[in-house]
Each structure stands twice: as C-alpha cells, then as structure tokens.
Amino acid sequence: MSEIIRSVKGTRDFYPDQMVFRNWLYNHIRIVAERYGYQEWEAPILETLELYAAKSGDELVKEQAFVFEDRGGSLVALRPELTPSLARMVAQHRQRLNVPLRWWSFGPFWRYERPQKGRAREFFQWNVDLLGSTSLNADAEVASVAAALLSSVGLSSDEVVIRVNSLQLMERRIAEIGITKDFQPAVFRLIDRSDKMAESKWLEYGQRLGLNNGQLTALIEMLYDTDQWGDSEQLCEFFQITEYMGTREWFEFDPRIVRGLDYYTGVVYEARDKFARHRAILGGGRYDNLVSEVGGEPISGTGFAMGDVVIQLIAQEFEVVPDINPCRTQILVTLFGDESIVQSNNVANELRQNDLRVEVYPDVVKLKSQLRYADRQGIPIVIVLGPDEIEAGEVSIKQLVTGEQSNIPLARVVQTVRKILESE
RNA sequence: GUGCCUGUAGCUCAAUGGCAGAGCGCCGCACUGUGGCUGCGGUGGUUGUGGGUUCGAGUCCCAUCAGGCACCCCA
C-alpha cells in the first residue's frame with residue numbers, strides 16, 4: 001500500500017462520531033437564534049480580496065487570509081470572517097430589506113495561521129447580527145443571545161463570563177491620561193496584552209511606545225478600576241437592559257477588553273472561561289460604519305462571532321456534551337442468503353414506509369457477525385429473518401439491550417417494533 | 001513568520017547505547033441460526049524519512065518532513 005495522502009494542515013476531519021458535536025452545537029444555535037427572532041442566512045465562501053482590504057484590519061487580510069488568483073486572474077479570498085459579506089449584502093439590497101434585520105449564520109471560515117490549541121485553519125463560526133438599530137437595546141439583545149446559547153448548551157455563569165467594555169469610555173480615559181489620538185491603536189494593543197505579559201515586560205513595551213512613567217501608572221490604575229463603568233452612560237444602560245432581559249449574571253465589566261478588529265465603534269465584549277485558561281469563546285460589539293464603507297447607505301450594526309473550536313474545548317472541560325450515538329438506525333434486518341434478499345427488503349421497506357430507520361445487512365455472512373455489527377453500531381433492534389421464519393410467515397425480533405427475542409407474524413412487525421421503541 | 005517540545009503496532013504508551021514490549025483494539029475458537037460478558041489462541045513494526053558517530057542506534061549528532069504548544073493575530 002502506498003502512503004496515505006495527507007490532509008491540508010490545520011483542517012480537521014469530521015468522522016461521524018465527530019459530526020455529533022457539530023450537529024449538537026448547531027441545533028442549540030438554531031433554537032436559541034430563532035427564539036430571539038433571528039433568521040438564518042448565508043454568504044459565499046469566496047469573496048473578492050477587495051471586500052476585506054480596508055475593513056478587517058491589515059493583519060487579518062495580509063497575513064491570515066487564504067488568497068489566490070482564480071482562472072480569470074481575479075484575486076479572491078476564502079472568507080476569514082463574515083461581517084464584510086454581511087455589509088456587502090445589506091448594502092446591495094438596502095431598500096428591499098425590512099429593518100431592523102436580525103440575522104444569524106453558521107458555516108466554515110479559513111485563516112492561514114499556525115494551528116494550536118483552540119485554533120484551526122478551517123473552522124466553523126456562528127455569527128449573530130442586528131442591523132438598523134443604534135439603540136443599546138440592540139447591543140444588549142445580541143449579547144443576550146450569546147449568553148442564552150451558553151446557557152442552552154449547559155454552561156453556567158460560574159464557568160463562563162462575558163466581559164464587556166466601551167470603546168468610547170476607553171478613548172476618554174486614554175485622552176485623560178494625556179495620550180494623543182494617534183497613539184490610541186497602539187495603546188489598545190498594549191491594554192490587550194496586559195494580562196498576557198509579565199508586568200516588567202509590559203512596562204518596557206509601554207515605554208517603547210513612548211509612554212512616560214506617569215502615563216503608564218495611570219493606565220495600570222485605570223485597568224484595575226472595575227467600577228468605572230458607572231462613568232459610562234452607555235455601559236450603565238447596557239447592564240440595565242441585560243437585567244430586563246434576564247441575562248445580567250453573564251456579564252461583567254472589564255476595562256481590558258478592547259477588540260482587535262478595526263471596525264468596532266461602541267460596546268465590545270468577549271466570552272471567556274472564568275479563569276481565562278482558554279482563548280476567547282466568542283467576541284463582538286457594535287460597528288457603525290461598516291456598511292457605508294462598502295459603499296452602502298450608512299446603517300449601524302451590532303453582532304458577535306463564536307468559533308466552534310474553543311466552545312468545544314470548554315464544553316468538554318465542563319462535561320456538558322451529551323453522549324450521542326452517531327448511528328441513528330433503529331432496526332437492522334439480517335440477510336441469510338441470496339434467496340431471502342426479497343423478504344429482508346420487503347420487511348425493511350415496510351418499516352421505512354412507517355418512518356422507521358432501517359438497514360439491511362448487505363452481505364451473506366454469519367448471523368454472529370451481523371449481530372456483532374448491530375451491537376457495535378448501537379442499533380437497538382435486530383430482525384432475524386431466516387428460512388424458518390420465512391416458512392412460518394414470521395420474523396424474529398431481538399432487542400439487543402435486554403437480549404429478549406420473540407417470533408411474531410409478519411403482519412405485526414410495524415406495531416411490535418413501534419411498541420418496543422416507545423417503551424425505551 | 002519566530003521560539004520550544006514530540007514522532008515506536010490501528011489507538012494509548014514502555015524499552016541504561018546491547019534480543020523492539022505491554023494494555024486496549026482487531027481476528028478466530030469455546031457457541032456452524034444469536035451480539036455484549038468470560039476463557040483460550042492468533043494478528044500485529046522499514047521505531048516519520050535521509051544521512052552521520054559507534055563493534056552495535058528506537059536511544060547520541062545533523063538535516064528534513066509531520067504533529068503539538070507558545071508568540072503574532074484572532075472565533
């Protein structure tokens with residue numbers, strides 16, 4: 001045998017037993033999103049590079065996008081995020097869309113980075129956005145959808161927190177410290193790293209940026225001031241609304257949250273496990289200018305994205321993922337010989353016409369092997385159909401969990417199987 | 001792109017520079033028309049690849065490929 005061709009770095013193979021998690025997550029996502037009135041949508045997986053060029057931040061486009069030339073010579077990118085596509089689609093059909101828009105989407109994304117814990121090059125991402133409202137009700141609602149999902153999958157606010165901040169508040173604070181506006185992006189990055197770097201390194205880094213000791217001291221003091229959200233009307237209102245929405249317990253003010261994407265303009269947040277041992281589970285916030293930047297009429301939006309990788313790590317860590325059998329088959333019909341293939345298929349078809357999920361064993365092999373297969377697949381019922389049963393116009397129904405087995409007339413197969421399945 | 005760590009059976013991992021092993025899995029038999037459990041037997045390998053040092057390399061050295069982790073960035 002020649003060597004097995006390798007999969008592409010950073011991609012993951014989803015065997016049936018691994019699809020179970022993704023589908024489980026997707027089901028929770030759909031139910032929660034619909035509960036809040038959000039509609040599912042999807043964008044192309046390929047977009048022109050131009051779409052991302054000025055909107056997503058240099059790093060994401062220049063370093064992390066999968067970019068290539070198509071056969072016609074145009075530069076296209078595998079989408080590294082969804083929000084620019086959202087902005088484009090909204091801009092294209094602004095007039096016919098009934099605002100406010102509440103949209104959600106779940107699909108694959110690609111970023112060319114070194115795979116590591118919580119990060120893959122191909123990943124799935126849930127996006128939730130509300131466009132056409134500048135009210136903090138919208139921010140609080142979208143963030144509450146995030147909280148509702150966390151709750152829905154079985155996590156608690158003791159395990160996961162959504163840390164919230166306001167970019168306006170931060171801008172004000174930074175100005176008060178005497179840092180000019182052009183330093184702001186660099187200082188945001190410095191703030192972002194404050195819990196990652198050792199304090200001495202962090203101070204060094206701050207000095208390199210040109211901050212003096214007084215400014216650094218003031219900055220540190222600000223970063224530890226967990227009560228200052230009271231100075232932000234925006235945040236006061238945000239927290240107040242989450243109270244009304246019944247999700248207040250999930251949120252916490254954190255002055256160190258400044259999101260990396262360039263297009264955020266207002267309230268921002270990210271969810272982490274309580275002790276921040278993993279990467280962010282989800283991140284989001286308000287973006288006021290995005291749609292106008294792709295050439296549309298200005299429309300304000302707020303939304304978040306959640307990747308599938310970190311939430312899986314967290315869900316496994318807190319043991320909230322149920323044990324689901326990837327095999328959904330309810331009944332296996334055995335095959336005894338080439339002569340009895342008619343009878344086996346007749347029984348299977350009758351069951352299928354009654355909405356039951358049925359397999360017929362494809363090969364004439366020992367009954368032992370057929371039963372062992374059913375056992376390993378976790379199929380609860382086996383219908384044994386051999387010469388004796390056929391002769392008598394019966395089938396033999398075996399329940400693998402209890403080992404019980406009985407012969408019944410062919411005409412009563414459906415009702416008997418139904419009864420067994422209902423009693424489980 | 002930078003740094004650190006790891007590559008041994010299908011899987012998880014052992015093996016002072018000196019005969020490549022265990023558990024699990026898989027296959028068979030006990031039980032030729034009955035799974036799981038048990039007992040017995042069997043299958044398991046170019047030690048990632050290439051080179052070097054050595055009487056002798058899974059082990060040491062170099063290169064290379066792959067994977068993991070961290071940085072960068074971010075879901």
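Given the structure is predicted, the values throughout are model-derived calculations rather than measurements. Below, chains carry the letters A, B, ... as their sequence lines are ordered, and counting in each starts from 1.
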* Asked: Do NZ/NE/NH1/NH2 and the carboxylate oxygens of A:Arg163 and A:Glu252 come within less than 4.0 Å?
  -> yes
* Take atom CZ of A:Phe188 and atom P of B:C74, then tell me their distance rounded to the nearest Å. => 13 Å
* Asked: Checking side chain to side chain contact (heavy atoms under 4.5 Å, CB included) for the pair A:Arg121/A:Phe66: CA distance, chi angles, key distance, verdict?
  -> CA-CA 9 Å; A:Arg121 286 185 175 179; A:Phe66 274 88; 4.2 Å; yes
* Structure fact -> Residue pair A:Tyr373/A:Phe123 against RNA chain B: nearer the 5' end by closest nucleotide is A:Tyr373
* Asked: With respect to the phosphate group of B:C71, does any side-chain polar atom (N or O) of A:Arg193 fall under 4.0 Å of OP1 or OP2?
  -> no
* Structure fact -> Exactly one of A:Trp250, A:Trp229, A:Phe251 clears ring pair (Phe, Tyr, Trp, His ring centres under 6.0 Å) with A:Phe239, and that residue is A:Trp229
* **Same-atom distance (C1') from B:A70 to B:C60, integer angstrom** => 28 Å
* Identify whether the distance between the nearest side-chain nitrogen and carboxylate oxygen of A:Glu42 and A:Arg79 falls below 4.0 Å. => yes
* Whole Å only: how far is the CD atom of A:Glu113 from the C1' atom of B:C73? -> 7 Å
* Asked: Looking only at side-chain N and O atoms, does A:Arg279 come under 4.0 Å of OP1 or OP2 in B:C71?
  -> yes
* Structure fact -> Rounded to whole Å, the OH-P distance (A:Tyr112 to B:G1) equals 7 Å
* To do: Scan A:Ile281 against the nucleic acid and name what it touches under 4.0 Å (heavy atoms): base, sugar-phosphate only, or nothing.
  => sugar-phosphate
* **Residue pair A:Asn213, A:Gln207: steps toward the side chain to side chain contact (heavy atoms under 4.5 Å, CB included) verdict** => CA-CA 8 Å; A:Asn213 286 338; A:Gln207 280 163 350; 3.0 Å; yes
* **Whichever of A:Leu282 and A:Gly403 has its nearest RNA chain B nucleotide further upstream toward 5'** => A:Gly403
* Please answer whether the main-chain N or O of A:Lys419 pairs with a side-chain N or O of A:Glu422 as donor and acceptor at a distance below 3.5 Å. => no
* Contact class for A:Ala120 vs. all strands (heavy atom < 4.0 Å): base, sugar-phosphate, or nothing? -> base
* Separation of the P atoms in B:C13 and B:G50, to the nearest angstrom -> 25 Å
* Does the A:Arg102 side chain pair with the main chain of A:Gln39, one donor and one acceptor, at a distance under 3.5 Å? -> no
* Would you call A:Asp308 and A:Arg12 a salt bridge, taking side-chain N to carboxylate O under 4.0 Å as the test? -> yes
* **P gap between B:G42 and B:C24, integer Å** => 15 Å
* Can you tell me how far P of B:C73 sits from CD of A:Glu270, to the nearest Å? -> 14 Å
* Asked: Quick check: are there more than 12 heavy atoms from other residues, nucleotides or ligands sitting under 6.0 Å from CZ of A:Arg328?
  -> no
* In whole angstroms, how far is the C1' atom of B:A70 from the CZ atom of A:Arg119? -> 14 Å
* Asked: Would you say the side chain of A:Asp225 lies within less than 4.5 Å of the side chain of A:Pro255, judging by non-hydrogen atoms?
  -> no
* How close or far is atom C1' of B:C69 from atom NE2 of A:His278, stated in whole angstroms? -> 14 Å
* **B:C72 and B:U46, which share atom name P, separated by this distance in whole Å** => 41 Å
* To do: Walk me through it: do A:Ser232 and A:Phe253 pass the test side chain to side chain contact (heavy atoms under 4.5 Å, CB included)?
  => CA-CA 11 Å; A:Ser232 163; A:Phe253 168 71; over 6 Å; no
* **Atom C1', compared across B:A14 and B:C40: separation rounded to whole Å** => 26 Å
Are any protein N/O atoms closer than 3.5 Å to N/O atoms in nucleotides 37-44 of chain B? If there are, list each pair with its distance.
none

* Taking atom P in both B:C19 and B:U59, compute the distance separating them and give it to the nearest angstrom. => 14 Å
* Structure fact -> Writing each nucleotide of RNA chain B 5' to 3' as (, ), [, ], | or . by Watson-Crick or G-U pairing under 3.5 Å yields (((((((..((((....[..)))).(((((.......))))).....(((((..]....))))))))))))....
* For B:A9 versus B:U49, give the span between their P atoms, rounded off to a whole number of Å. => 10 Å
* Asked: What's the shortest heavy-atom distance between A:Val360 and A:Leu332, and which atoms?
  -> C-CD1, 4.4 Å
* Take atom OH of A:Tyr264 and atom C1' of B:C74, then tell me their distance rounded to the nearest Å. => 10 Å
Which atom pairs, donor and acceptor, lie under 3.5 Å between side-chain atoms of residues 122-131 of chain A and protein residues at least two apart or in another chain?
{"unit_1": "A:Glu122", "atom_1": "OE2", "unit_2": "A:Trp110", "atom_2": "NE1", "d": "3.4"}
{"unit_1": "A:Asp129", "atom_1": "OD1", "unit_2": "A:Tyr287", "atom_2": "OH", "d": "2.5"}

* Asked: Is A:Asp338 atom CG crowded by more than 12 heavy atoms from other residues, nucleotides or ligands, each under 6.0 Å away?
  -> no
* Structure fact -> When rounded to whole Å, the CZ to P distance for the pair A:Arg111 and B:C74 reads 8 Å
Quiz: residues 15-27 of chain A side-chain donor-acceptor pairs under 3.5 angstrom, not counting sequence neighbours:
{"unit_1": "A:Gln18", "atom_1": "OE1", "unit_2": "A:Tyr15", "atom_2": "N", "d": "2.8"}
{"unit_1": "A:Asn23", "atom_1": "ND2", "unit_2": "A:Met19", "atom_2": "O", "d": "3.4"}
{"unit_1": "A:Trp24", "atom_1": "NE1", "unit_2": "A:His28", "atom_2": "NE2", "d": "3.3"}
{"unit_1": "A:Tyr26", "atom_1": "OH", "unit_2": "A:Glu40", "atom_2": "OE1", "d": "3.2"}
{"unit_1": "A:Tyr26", "atom_1": "OH", "unit_2": "A:Glu40", "atom_2": "OE2", "d": "2.9"}
{"unit_1": "A:Asn27", "atom_1": "OD1", "unit_2": "A:Arg30", "atom_2": "NH1", "d": "3.3"}
{"unit_1": "A:Asn27", "atom_1": "ND2", "unit_2": "A:Asn23", "atom_2": "O", "d": "3.2"}

* At under 4.0 Å between heavy atoms, what does A:Val401 touch on the DNA or RNA strands: base, sugar-phosphate, or nothing? -> base
* Which value, in whole Å, describes the distance between the C1' atoms of nucleotides B:G44 and B:U2? -> 42 Å
* **Sequence-aligned protein contact record of nucleotides 26-34 of chain B, with B where the base is within under 4.0 Å of a protein heavy atom and S where only the sugar-phosphate is** => SSSS-B-BB
Distances for protein N or O near nucleotides 66-68 of chain B N or O, under 3.5 Å:
{"unit_1": "B:G67", "atom_1": "OP2", "unit_2": "A:Lys9", "atom_2": "NZ", "d": "2.8"}

